[in-house]
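Read through the structure below, which is laid out as structure tokens, and then see the notes.
Since this is a predicted model, take the numbers as computed values, not measurements. In what follows, residues are counted from 1 in the order of the sequence shown. Read the numbers this way: they start at 1 and go in the same order the structure lists the ligands and their atoms.
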Amino acid sequence: MSGPSGPSGETTAPEAVTILGATGSIGRQTLDVLARHPQRYRVVGLTAGHRWRELAEHCLHWRPRYAALADEAGAELLRNHLREAGSDTEVLGGHQGVAQVAALDEADTVVAAIVGAAGVRPTLAAVEAGKKILLANKETLVVTGALFMDAVRRHGATLLPVDSEHNAIFQCLPREGVGPGVRRLLLTASGGPFLGWDRARLETVTPEQAVRHPNWDMGPKISVDSATLMNKGLEFIEACWLFDVPPARIDVVIHPQSVVHSMVEYLDGSVLAQMGTPDMRTPIACALSWPERIDSGAETLDFRTLAGLDFRAPDDAAFPCLGLARQAMETGGAATAVLNAANEEAVAAFLDRRLGFNGIAAVVQDTLAGLPAPDCADVDAVMNVDSEARVLARRLIKEWAC
Ligand code: NAD
Ligand code: MG
């Protein structure tokens, strides 16, 4: 396979890409973009958590040099299946195996698309290997914040945001990032499926309703986060770290149509917005090819039929998660790791029908209030705080269920 031509007409080798979380919503959409540019990209590593059959399908199609499944028993089944199918993909198992594939010598670019704090160690392994990281896994930044950004600098890794809001801000900022000319960043939020509902009505929400997002097709955890507005809270924290901006210079605005994906306001009053249809392949393709542009497969906006763009303030009383995230970021230390761990436990309990919708914010609030959040010197210390927060959150979930 020959690669694309460089500026002087020479043929360049295709960029070698690893996808962490290849079977998920972002992972599959990344593969869709890569499939449109076979001359430009090749896949060298694919990883997933548990569903080995889905990873097997991707491996047989993409023929990566390595694959890894976090679930050891599933990895053995995957290995046998691929061997019988005549594949020469080498299969690694367990969390160690996923971290190894994250740091492959052969890879230029690593798409970090594992969901939750499970992404922390593999994403950091890619950072420590100095890769170009396309970051979708926002929880990693929420949990490890300063340690993560410090590792990016020390290891010379390149960080490009895939989260649509952060990718939009990245596109609206000057090359050198946030400078003195920027007044504030404006994160847009669709408001999720329950926009306009009050707390009493939210009490009745079921998991089926919560995962049905009006504009975006996403994995179950981020869909629930979008419904509670915790997703915007996590993104608020993500933006503080990614763009090195204090919390007071980031605002959230509800924009139900999901056409404007976020904005940057400058001192002179100019506001730059990035717009597009709600399709994650746009930010994925933007980050993959930056600073060039490639086709993503996303439909273009049709301005002749666009009915209108609405903007309004979030309802903090009905959706307290955004305020809790802001509070955790202002507290500092490991408070954002506590917030994230409690939220992951509460969302899992909600999806299992062990906790009501309003219980998610309550569990996060009580976990934050019940645990000290010291500054952590390293990732092991942060992950200990994560574990402690999960123990407390599980106890609170049981109490809430009684
Ligand atoms: P998903 O649930 O669809 O997929 C998650 C992936 O992570 C799967 O491949 C799964 O196998 C893997 N995984 C789960 N647990 C694991 C573990 N313990 N070890 C290793 N791998 C594991 O999730 P998603 O919607 O694709 O979201 C992925 C990340 O991208 C999240 O952090 C989310 O917030 C972020 N994100 C997603 C979207 C979206 O549109 N889906 C948009 C912006 C940001
Ligand atoms: Mg987003």
Test Asn231 against every option in His213, Lys138, Glu165 by the side-chain hydrogen bond (donor to acceptor under 3.5 Å, both in side chains) rule and name the one that passes.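 Exactly one candidate clears the test, Lys138.
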
At a 4.0 Å threshold, what atoms of ligand 1 neighbour a non-hydrogen atom of [X]?
X: Gly49; answer: 10 (C), 11 (O), 12 (C), 13 (N), 16 (C), 20 (C), 21 (N), 22 (C)
X: Ala136; answer: 30 (O), 32 (O), 35 (C), 36 (N), 44 (C)
X: Met280; answer: 40 (O), 42 (C), 43 (C)
X: Asp163; answer: 43 (C), 44 (C)
X: Asn137; answer: 32 (O)
X: Gly21; answer: 6 (C), 7 (O), 9 (O)
X: Ile26; answer: 26 (O), 30 (O), 37 (C), 38 (C), 39 (C), 40 (O), 41 (N), 42 (C)
X: Ala22; answer: 9 (O)

Does [X], backbone or side chain, put an N or O under 3.5 Å from an N or O of ligand 1?
X: Ala118; answer: no
X: Glu139; answer: yes
X: Asp217; answer: no
X: Ser25; answer: yes

Heavy-atom pair with the smallest gap, counting every atom of Val115 and Ala118: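 Shortest heavy-atom separation between Val115 and Ala118 comes out as O-CB, 4.0 Å.
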
Nearest neighbour in protein (non-hydrogen) for [atom]:
atom: atom 34 (O) of ligand 1; value: Lys138 CE, 3.1 Å
atom: atom 14 (C) of ligand 1; value: Val115 CG1, 4.0 Å
atom: atom 28 (C) of ligand 1; value: Ala113 O, 3.4 Å
atom: atom 4 (O) of ligand 1; value: Gly24 CA, 3.1 Å
atom: atom 25 (O) of ligand 1; value: Gly219 N, 2.9 Å
atom: atom 33 (C) of ligand 1; value: Ile222 CD1, 3.9 Å
atom: atom 8 (C) of ligand 1; value: Thr23 OG1, 3.5 Å

Which atom, among the N/O/S set of [X], is closest to the Mg ion (ligand 2)?
X: Asp163; result: OD1
X: Glu165; result: OE1
X: Glu235; result: OE2

Determine, for Arg121 against Asp380, whether the closest basic-nitrogen to carboxylate-oxygen distance falls under 4.0 angstrom.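 Yes, Arg121 and Asp380 are salt-bridged.
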
May I ask you to decide whether Glu128 forms a salt bridge with Arg154, counting only side-chain N to carboxylate O separations under 4.0 Å?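 Salt bridge: no.
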
Kindly compute the distance separating CG (Asn343) from CE (Met230), expressed to the nearest 0.5 Å.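 Spacing of CG (Asn343) from CE (Met230) equals 4.0 Å.
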
Can you tell me how far the OG1 atom of Thr282 sits from the CD atom of Gln29, to the nearest 0.5 Å?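 Answer for the OG1-CD pair, Thr282 versus Gln29, is 9.5 Å.
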
For atom 29 (C) of ligand 1, state which one of Asn167, Ile114, Leu234 supplies the nearest heavy atom.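 Checking each option, the heavy atom nearest atom 29 (C) of ligand 1 is found in Ile114.
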
Under 3.5 Å, is there a donor-acceptor pair linking the side chains of Glu235 and His166?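 No, no side-chain donor-acceptor pair sits under 3.5 Å.
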
Please determine, by modelled atom types, if Glu388 and Asn384 share a side-chain donor-acceptor pair under 3.5 angstrom.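 Their side chains do not contain a donor-acceptor pair, so the 3.5 Å distance test is not met.
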
Under 4.0 Å from ligand 1, counting heavy atoms only, is it the side chain of Ala70, its backbone, both or neither?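 The answer is the side chain.
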
Okay, side chain of [X], backbone of [Y]: is any donor-acceptor separation there less than 3.5 Å?
X: His261; Y: Thr188; result: no
X: Arg249; Y: Val182; result: yes
X: His95; Y: Ala70; result: no
X: Thr277; Y: Asp279; result: no
X: Thr89; Y: Pro64; result: yes

Ring centers of Phe357, Phe194 separated by less than 6.0 Å: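 Between Phe357 and Phe194, the centre distance is under 6.0 Å.
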
